[in-house]
Amino acid sequence: MHLWHVVLISFKSGASEEVKKEIHARYQTLNEECGGRDAGVLFWKVSHNLDLRKNVHLVEIAVFEDDAALQAFRQHPKHKEITDILSQVADWQVGDIHCPFF
């Protein structure tokens with residue numbers, strides 16, 4: 001079973017459009033900067049949420065080879081860098097489940 005990792009990001013009211021754009025741009029290459037497929041990242045997509053009713057602005061969907069690949073990703077300096085920035089301007093919720101990857 002692979003590990004599906006979903007992150008729902010809500011920007012705080014004071015977050016500037018510039019910062020929001022920067023975070024979105026950084027997320028587009030984060031998987032490769034953290035090792036990509038060689039590090040167990042099988043799928044990666046971060047995009048603007050189409051449904052803003054619950055104030056979720058960005059959605060990250062990733063599939064990791066296993067739990068160890070996710071933990072290595074979380075410990076990677078590039079991941080820590082973006083979460084340090086994000087923690088100042090947003091809140092987020094994470095969901096992880098085991099599921100086949102087709």
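Atoms CG and CD, from D91 and Q93 in turn, are 9.0 Å apart once rounded to the nearest 0.5 Å. D67 contributes atom CG, which lies 12.0 Å from atom NE2 of H5 (distance to the nearest 0.5 angstrom). A distance of 11.0 Å separates CG in N31 from CZ in R37, rounded to the nearest 0.5 Å. Put simply, NE2 on H98 and CG on D66 are 8.0 Å apart, with the number rounded to the nearest 0.5 Å.
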Stepwise side chain to side chain contact (heavy atoms under 4.5 Å, CB included) test for H79 and E33 = CA-CA 9 Å; H79 181 264; E33 292 173 351; over 6 Å; no
Given the rule in the side chain to side chain contact (heavy atoms under 4.5 Å, CB included) test, do K45 and E60 qualify, once you have shown the distances and angles that lead to the verdict?
-> CA-CA 6 Å; K45 178 71 176 176; E60 170 194 329; over 6 Å; no
Run the side chain to side chain contact (heavy atoms under 4.5 Å, CB included) check on E65 and H2 step by step: do they pass?
-> CA-CA 5 Å; E65 183 70 37; H2 296 98; 3.7 Å; yes
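With respect to K21 and E18, no salt bridge is recorded, no charged nitrogen being found less than 4.0 Å from a carboxylate O. Salt-bridge check for E81 with R26: passed, with a basic side-chain N closer than 4.0 Å to an acidic carboxylate O. At a threshold of 4.0 Å, the pair D96-R74 counts as salt-bridged, since one of the basic side-chain nitrogens sits closer than that to a carboxylate oxygen.
The hydrophobic cluster containing V7 also includes L3, I9, F11, V19, I23, Y27, L30, V41, W44, V46, L58, F64, L70, F73, I82, I85, L86, V89, W92, V94, under a criterion of side-chain heavy atoms closer than 4.5 Å among ILVMFWY residues, counted directly or through chains of members.
Other residues, nucleotides and ligands contribute over 12 non-hydrogen atoms within 6.0 Å of the NZ atom of K12. The environment of CG in L50 is sparse: at most 12 heavy-atom neighbours from other residues, nucleotides or ligands sit within 6.0 Å.
Closest heavy-atom contact between N49 and V56: ND2-O, 2.9 Å. Of all non-hydrogen atoms in A39 and C34, the two that sit nearest each other are CB-O, 3.6 Å.
Taking the six-membered ring for Trp and the full ring otherwise, H48 and H57 have centroids separated by 6.0 Å or more.
By the criterion of side-chain heavy atoms lying less than 4.5 angstrom apart, applied directly or through intervening Ile, Leu, Val, Met, Phe, Trp or Tyr residues, M1 is not grouped with F43; the two fall into different hydrophobic clusters.
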